[in-house]
S.K.: 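To start, I am sharing the structure in question, which I have written as structure tokens.
In listed order, ligands and their atoms are each counted from 1.
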Amino acid sequence: MINVRDLLNNTDLKATPQRLAILEEIHKAGHIDLETIYRNISERFPSVSLATVYKNIHTLRDKGIIKELAIKGAKPKYEIAAQKPHHHLICKVCGEVIDVEIDTSFLKDQLKDLKDFEISNCDIYCYGVCSKCKNKSDS
Ligand SMILES: [Zn+2]
Ligand SMILES: [Zn+2]
């Protein structure tokens, strides 16, 4: 369990109640889109506007505290950036985003050979059907 306040410690960002609430929502959900964050936050802060949440999320993203996941055919989702490197599996049926830690060193080797390309980092998004949805359609 991380303390979301710690995430702001090494930045010049103030730990405002809204920012902490946004980080808590992201941490709790794992991956979450802006509208859902806003909906959950507005229960605690009825006066907060979507524009404020939007601005805060983009500040947190630009500071590298949260990461924006560009998911094809869906709204971007956000996750806490300070995590073990991982990639994402996206279920095309239910929209679930699943973290997966896979070794991508084979890609590094292949691309070095094929294109003499040096990978510094890569984000893999795999689209398919999750086990829950697969089991549902099987039965
Ligand atoms: Zn699914
Ligand atoms: Zn993730």
S.K.: Go through Thr11 and Leu60 one step at a time and tell me if the side-chain contact (heavy atoms from CB on, under 4.5 Å) criterion holds.
M.R.: CA-CA 10 Å; Thr11 69; Leu60 292 166; over 6 Å; no
S.K.: What about Ile71 and Ile124, same hydrophobic cluster or not, with Ile/Leu/Val/Met/Phe/Trp/Tyr joined at side-chain heavy-atom distances under 4.5 Å?
M.R.: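 Ile71 does not cluster with Ile124.
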S.K.: Which residues pass the ring pair (Phe, Tyr, Trp, His ring centres under 6.0 Å) test with His86, not counting sequence neighbours?
M.R.: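 For His86 the ring pair (Phe, Tyr, Trp, His ring centres under 6.0 Å) partners, ignoring immediate neighbours, are His88.
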S.K.: For Asp12, which residues count as a side-chain hydrogen bond (donor to acceptor under 3.5 Å, both in side chains) partner, sequence neighbours excluded?
M.R.: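 Per chain and number, Asp12 pairs via side-chain hydrogen bond (donor to acceptor under 3.5 Å, both in side chains) with Lys63.
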S.K.: Under 3.5 Å, is there a donor-acceptor pair linking the side chains of Gln18 and Asn56?
M.R.: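 Looking only at side-chain atoms, Asn56 and Gln18 do not form any donor-acceptor pair under 3.5 Å.
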S.K.: Among the clusters formed by ILVMFWY side chains lying less than 4.5 Å apart, do Ile41 and Ile80 turn up in the same one?
M.R.: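 Yes, it is one cluster - the side chains of Ile41 and Ile80 are joined through contacts under 4.5 Å.
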S.K.: Quick check against the 3.5 Å criterion: does Arg5 have a side-chain atom that pairs as donor or acceptor with the backbone of Leu20?
M.R.: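 Checking the backbone N and O of Leu20 against the side chain of Arg5, no donor-acceptor pair under 3.5 Å is found.
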S.K.: Near the Zn ion (ligand 2), which protein N/O/S atoms fall under 2.8 Å?
M.R.: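 Counting only protein N, O or S atoms under 2.8 Å from the Zn ion (ligand 2), the list reads His31 NE2, Glu79 OE1, His86 NE2, His88 NE2, Asp99 OD1.
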S.K.: What protein N/O/S atoms sit under 2.8 Å from the Zn ion (ligand 1), by chain and number?
M.R.: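 Result, waters dropped: Cys91 SG, Cys94 SG, Cys130 SG, Cys133 SG.
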S.K.: Counting only heavy atoms not in Asn10, do more than 12 sit closer than 6.0 Å to its CG atom?
M.R.: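 Not buried by this count: 12 neighbours or fewer within 6.0 Å.
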S.K.: Find out whether the Lys NZ or Arg CZ of Lys72 is both under 6.0 angstrom from the six-membered ring centre of Tyr125 and within 45° of the ring's axis.
M.R.: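 No, Lys72 does not sit over the ring of Tyr125.
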